[in-house]
Amino acid sequence: MKTLEFTCGGLLMLWPTPEVRQSSGISLIQIRLNAQQADRLKPLIGAFVPS
């Protein structure tokens, strides 16, 4: 099950666990990052998302 994706355009997408989806009704979280934020987060996200 996919839980996290980071696109080249700086879009961070998070898929909550089934428990969170059921209790909150939220199935997808999208966060638009600016260039500076994306550059700072790439090493951290790279630890979870294979290149």
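As the structure is a computational prediction, the values presented were derived from the model and not from experiment.
The hydrophobic clustering, which links ILVMFWY residues whose side-chain heavy atoms are closer than 4.5 Å, places L14 and I26 together. A continuous path of Ile, Leu, Val, Met, Phe, Trp and Tyr side chains, each step under 4.5 Å between heavy atoms, connects L33 with I29, placing both in one hydrophobic cluster.
Atom CG of L12 is separated from atom CD1 of I31 by 5.0 Å, given to the nearest 0.5 angstrom. Rounding to the nearest 0.5 Å gives a distance of 12.5 Å between NZ of K42 and CD of Q37.
Using modelled atom types, no side-chain atom of R21 and backbone atom of S27 make a donor-acceptor pair closer than 3.5 Å.
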